[in-house]
Amino acid sequence: MDHLRSILENEAPHLLEKRETKPRKEGLTELTDATQGKVVLRFAPNPNGPLSFGHARGLVINSTYRNMYDGVFILRFDDTDTKVKPPMLEAYEQIVEEATWLTGRAPDRVIIASDRMDHYYQHAEQMLENGFGYVCRCSAEEFKEHRQAKTNCPCRDQIPSDNLTLWKGMLKGTYKPGDAVVRVKTDMELKNPALRDWPALRIQDTKAHPHPRPEVGSTYTVWPLLDFQSAVEDHLQGVTHIVRGKDLMDSTRKQTLLYEHFGWKYPETLYWGRVKVHEWGGFSTSQMRKDIESGLYDGWNDPRLPTLSALRDRGIQAKALEQFWLELGITQKDISVPLATLYAHNTKAVDDKAPRLSFVRDAAAFNLEGEHPLDVKVPVHPNHDDMGWRTWTLNEGTIWLEADDVAKMDVRLKEFADVELHDNEARITSIERQDSHPIVHWLPASHASEGILLETKNNQIQRISGQLEHHNHKAGTIVQLERIGYARVMDDGCLMLCHETTDEP
RNA sequence: GCUCGUAUAGUGUAGUGGCCCAUCAUGAAGGACUCUCAUUCCUUCGACCCGGGUUCAAAUCCCGGUACGAGCACCA
C-alpha cells in the first residue's frame, strides 16, 4: 500500500488529493415529477378532535413542499364517519387555526368532505354504470369468507342496471346499515387480500348518529369510505403528490386500482413510518376525548396531552415543531424519539428573546445585614443590553432564597453580594465577588409576590409555589426563570414550565 | 396465516458501488466564556442487524435469515 502510494506520488500526485466531500443533503428530498408552480398537496385530518403532535408532521412536510415548489396546499376534512369516529364541530375551526399557526400561513384551500357528497355519489354511479363497481348485499362476515377463499360473491355478477336499481334503493333508505355496500370490482385472486373488491360506500344510521355539522345533520345515509372519498377528491382537486403514513400503503394500492378504472393518473406518493415519543407512548384522539369527558384531563389543552394546543400553551414554538419534523424527514422507518430533541429546538427558538426573571422556589426569608448599595441593577437578558434592566430597590431588609440553596451557607447573591447565612440572617461579607461562593438567584421581598410554577411530570401536574419577581410581561410571553428553565406566563402570578425535567434514574 | 414495508452510534439522520477507518443533530462526559444549572464555543464518546453471493471495489446491488412495524374494518 505504501509502495503504491509512493509510486502515485511520483507519477500522478493529483490522484492522491482528497476530492471535495459531497455536501450533506439539506431539507427535504426533492419530489419526483414536480414542476415549480404545479404541485398540489393536501393534508387530511379527521376532525374528530383538535390536532395532535403527530398531525404536525403532515402539516409541516406538506406545507414545506408547498413552499419549495410554490404549489398549493389543501387542508381537507375527511369527516365521513358519524359513528366510529364522529367529527367534533368545534374542531373544524380550531384545526384551521392551528394549521395556520404551525405553518405560518393559511391553507390555500379548505375542503370539507361532507359538503361534497354529490361528487362522491356521481362517481359511485359512474362506477356502477360502467360495471367496475357493484352493490353487494352480503354481510361483512360472508364477504370476509369470500375474500379469504378468493371466491366471487354472488352480487359481483349483477348487471349495471340492477346495480343502479339497488343503488337507488340505498339512497332511498330501503336498506339498513350493513345490508348493502358499494364495492369496487378489482380481482378476488389478488395476492394482497386487502385489495380484493374493497368497499367504497356504505350506509350509516344518521338518525341515531347525525353528523354534527347542522347543515349536514341527518341528510345523508349513504356515505363514502375513506379510500373512495379520498381518491375521488384527490382527483377533483388535482392533487399531484401525496405524503402520508405507510399504514396507508394498501390504501394507495386500492386507490390506484380505482384510478385505473376511471382512467386517471394516480399522484406520486411518499410514505413515512410511525413515530412514537418516549414520554408519551400511544395516544389516540378518541381515547383522549374519552379521558377528557371522564374528567381525567382538564381539556384538549391539558399540558399532559400531546395535542398541538397543549404544546403551544406550554410555550413550544411553531418553529421548533417545524425543525423537529423536518429533521426526521420522511423515512419509512418506525422510530421512537425523546422529547429532549424537540426541547433542544425550542430552546434555540426561544432563548434569544426570553426575558430573564427570578423565581424562588420554596422561598425562605432572610434579613439582609450589612452595608450595601440601595439599588441592584440586573439585565433583562445577559446577551442583550437593549432589552433593558431590572432595578431592585433594597429599602426593606427582607430577601428570599431557595430552600435548596440555604444549605450552602456561603453564597453569592447573583449580581449583588456575597453573604453568610445564619438562622434568618444574611450577612454581607463582600460586595465584590469572592471565588468559590456558589451563585444563587434571589429576590428582595419588596419586588416579589407569591407565585405558582406549573410543571408536568410523570403525567401529573405539579404546582410549585414560590416567590415570583414582579413583572409586566403579557400572558403568553416565554421567559427564562434563572437557574430553572423556560416558562410561559399564564397570568400575573402563574407560569408554566416549557420543558419538563426528567427524574434521574 | 396472507400481503406489504423497514433495518447506520443511546436517540434520530446523511449516504444510491470507489469521495466512508462513514455526515449532521441530539445525548452523555469534560472544558472555555459567563455574577444563571441558560445561551454561545471547544474537545471526547459512540454505529453500517446476521450469513452468503455479484464485483478489482459493497453501508450502498442480489439471495437467505432474523428483528421490528403496518394492512387484511360496512374507522380515518
Side-chain angles (χ1 to χ4, degrees), chain A residues 17-26 29 44-48 77-87 113 136 138-140 143-144 147-148 150 177-183 190-196 198-204 222-223 225-227 229-230 245-254 271 273-276 278 284-286 323-324 326-329 331-338 340-345 347-348 350-352 354 356 358 378-379 381-384 412-418 432-433 437-441 480-486 501:
Chain A
E17 283 166 25
K18 274 236 165 186
R19 268 181 285 174
E20 249 176 68
T21 46
K22 247 186 217 168
R24 186 189 155 83
K25 186 200 78 184
E26 288 294 331
T29 46
N46 185 341
N48 63 340
F77 294 109
D78 285 347
D79 56 345
T80 54
D81 183 278
T82 64
K83 191 181 172 188
V84 183
K85 291 184 177 172
C136 176
C138 300
S139 70
F143 192 82
K144 196 173 183 177
R147 178 169 48 226
Q148 269 169 359
K150 301 185 180 181
D179 285 353
V181 60
V182 177
R183 291 188 182 282
L190 250 24
K191 268 173 69 181
N192 188 342
L195 312 184
R196 297 171 193 159
W198 53 273
L201 300 99
R202 78 339 194 153
I203 297 165
Q204 294 193 93
V222 179
W223 284 84
L225 273 324
L226 170 88
D227 289 317
Q229 178 269 128
S230 176
K246 68 173 182 179
D247 52 314
L248 262 18
M249 269 182 169
D250 282 349
S251 223
T252 300
R253 296 182 183 108
K254 288 185 207 174
Y271 306 94
R274 203 187 50 162
V275 175
K276 265 204 286 195
H278 291 339
S284 74
T285 305
S286 25
Q323 292 299 318
F324 175 88
L326 287 179
E327 192 173 87
L328 296 195
T331 60
Q332 290 188 28
K333 210 166 26 165
D334 298 314
I335 56 176
S336 181
V337 290
T341 311
L342 176 64
Y343 293 157
H345 286 298
T347 297
K348 285 190 181 73
V350 130
D351 180 79
D352 204 47
R356 269 47 176 174
S358 196
V378 282
H381 194 297
N383 306 340
H384 296 290
R412 169 78 182 171
L413 302 182
K414 191 171 181 297
E415 313 270 1
F416 179 48
D418 290 353
E432 293 306 310
R433 173 152 192 216
H437 285 79
I439 295 164
V440 302
H441 65 292
Q480 190 206 65
L481 301 178
E482 286 170 321
R483 301 213 303 141
I484 298 175
Y486 302 96
T501 52

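Reminder, nothing fancy here: chain letters follow the sequence lines and each chain counts from 1. What you are looking at is a predicted structure, and each value in this text was computed from that prediction instead of being measured.
When the C1' atom is compared between B:C50 and B:C45, the two are found 26 Å apart, to the nearest whole Å. Taking atom P in both B:C56 and B:A29, one finds a spacing of 50 Å when rounded to whole Å. Distance check on atom C1': B:A9 versus B:A25 gives 12 Å, rounded to whole Å. Nucleotides B:G64 and B:C2 are separated by 15 Å at their P atoms, to the nearest Å. Across the P atoms, B:G27 and B:U66 are found 38 Å apart, a figure rounded to whole Å. Comparing B:A7 with B:A14, their P atoms sit 10 Å apart, to the nearest whole Å. Nucleotides B:G18 and B:A58 have their P atoms positioned 11 Å apart, rounded to a whole Å. Across the C1' atoms, B:U39 and B:C49 are found 40 Å apart, a figure rounded to whole Å.
A:S230 comes within 4.0 angstrom of no nucleic acid atom, judged by non-hydrogen atoms across all strands. No engagement by A:L190 is indicated, since no non-hydrogen atom pair under 4.0 Å with the nucleic acid exists. Backbone-only contact: A:T80 has heavy atoms under 4.0 Å from sugar-phosphate atoms and none from a base. Using a 4.0 Å heavy-atom criterion, one finds that A:G178 contacts the bases of the nucleic acid, with or without backbone contacts as well.
Residues satisfying the ring pair (Phe, Tyr, Trp, His ring centres under 6.0 Å) criterion with A:F416, sequence neighbours excluded, are A:H372, A:W442. By the side chain to side chain donor-acceptor pair (under 3.5 Å) test, A:K333 pairs with no residue at all, sequence neighbours left out. Every residue two or more places apart in sequence or in another chain that forms a side chain to side chain donor-acceptor pair (under 3.5 Å) with A:R202 is listed here: A:D81. Qualifying ring pair (Phe, Tyr, Trp, His ring centres under 6.0 Å) partners for A:Y271, counting only residues two or more places apart in sequence or in other chains: none. Taking the side chain to side chain donor-acceptor pair (under 3.5 Å) definition, one finds that A:R356 meets it with A:D351, A:H381, A:Q480, sequence neighbours left out. Not counting sequence neighbours, the partners of A:S336 by the side-chain contact (heavy atoms from CB on, under 4.5 Å) test are A:K276, A:H278. Annotation: salt bridge (Lys or Arg N to Asp or Glu O under 4.0 Å) contacts of A:D179 (sequence neighbours excluded): none. For A:S230, the side chain to side chain donor-acceptor pair (under 3.5 Å) partners at least two apart in sequence or on another chain are A:R42, A:R76. Under the salt bridge (Lys or Arg N to Asp or Glu O under 4.0 Å) criterion, A:K85 pairs with no residue, sequence neighbours left out.
Spacing between atom NE2 of A:H345 and atom P of B:C24 amounts to 16 Å, rounded to whole angstrom units. Whole-Å rounding puts the A:K254 NZ to B:U3 C1' distance at 12 Å. Distance CZ (A:F416) to C1' (B:C35): 13 Å, rounded to an integer number of Å. With rounding to whole Å, A:K150 atom NZ is found 13 Å from B:G1 atom C1'. As a whole-Å value, the separation of A:L342 CG from B:G27 C1' is 15 Å. The distance from atom CG of A:L225 to atom P of B:G71 is 16 Å, rounded to the nearest whole Å. At whole-Å resolution of the value, CG in A:L226 and P in B:C72 are 11 Å apart. Atom P of nucleotide B:U13 and atom CG of A:L326 are separated by 14 Å, given to the nearest angstrom.
Distance check: A:D418 CG to A:L413 CG gives 8.0 Å after rounding to the nearest 0.5 Å. Distance check: A:Y486 OH to A:L481 CG gives 11.0 Å after rounding to the nearest 0.5 Å. With rounding to the nearest 0.5 angstrom, the SG atom of A:C138 is 7.0 Å from the CZ atom of A:R183. We find the OH-CZ distance between A:Y343 and A:F324 to be 10.5 Å, quoted to the nearest 0.5 Å.
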Atom pairs, protein N/O to nucleotides 4-7 of chain B N/O, distance under 3.5 Å:
unit_1, atom_1, unit_2, atom_2, d
B:C4, OP1, A:K191, NZ, 3.3
B:C4, O2', A:R253, NH1, 3.3
B:C4, O2', A:R253, NH2, 2.8
B:G5, O3', A:Q332, OE1, 3.2
B:G5, O2', A:Q332, OE1, 2.9

Between protein and nucleotides 36-41 of chain B, what N or O pairs are separated by less than 3.5 Å?
unit_1, atom_1, unit_2, atom_2, d
B:U36, O2, A:R483, N, 2.9
B:U36, N3, A:Q480, OE1, 2.7
B:U36, O4, A:R356, NE, 2.7
B:U36, O4, A:R356, NH2, 3.0
B:U36, O4, A:Q480, OE1, 3.4
B:C37, N4, A:R483, NH1, 3.1
B:A38, O2', A:D351, OD1, 3.4
B:A38, O2', A:Q480, NE2, 2.8
B:A38, O2', A:Y486, OH, 2.4
B:A38, N3, A:R356, NH2, 3.2
B:U39, O4', A:D351, OD2, 3.4
B:U39, O2', A:D351, OD2, 3.3

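For A:A194, counting side-chain heavy atoms from C-beta on, the closest listed nucleotide (B:A76, B:U26, B:C72) is B:C72. Nearest to the side chain of A:D247, among B:G71, B:U13, B:C74, sits B:G71. Among B:G12, B:G27, B:C35, the nucleotide with an atom closest to any side-chain atom of A:A344 is B:G27.
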Can you give me the dot-bracket string for RNA chain B, 5' to 3', counting Watson-Crick and G-U wobble pairs with both distances under 3.5 Å, using [ ] for crossing pairs and | for partners on another strand? (((((((..(((.....[.....)))((((((.......))))))...(((((..]....))))))))))))....

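Listed pair A:R412 / B:C35 fails the phosphate criterion, with no side-chain N or O lying under 4.0 Å from OP1 or OP2. Between A:T331 and the phosphate of B:U13, there is a side-chain N or O to OP1/OP2 separation shorter than 4.0 Å.
Each of A:L413 and A:Q148 has a nearest nucleotide on RNA chain B; the 5'-most of these lies closest to A:Q148.
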Does the pair A:H345 and A:E327 meet the rule for a side-chain contact (heavy atoms from CB on, under 4.5 Å), with working shown? CA-CA 10 Å; A:H345 286 298; A:E327 192 173 87; 3.3 Å; yes

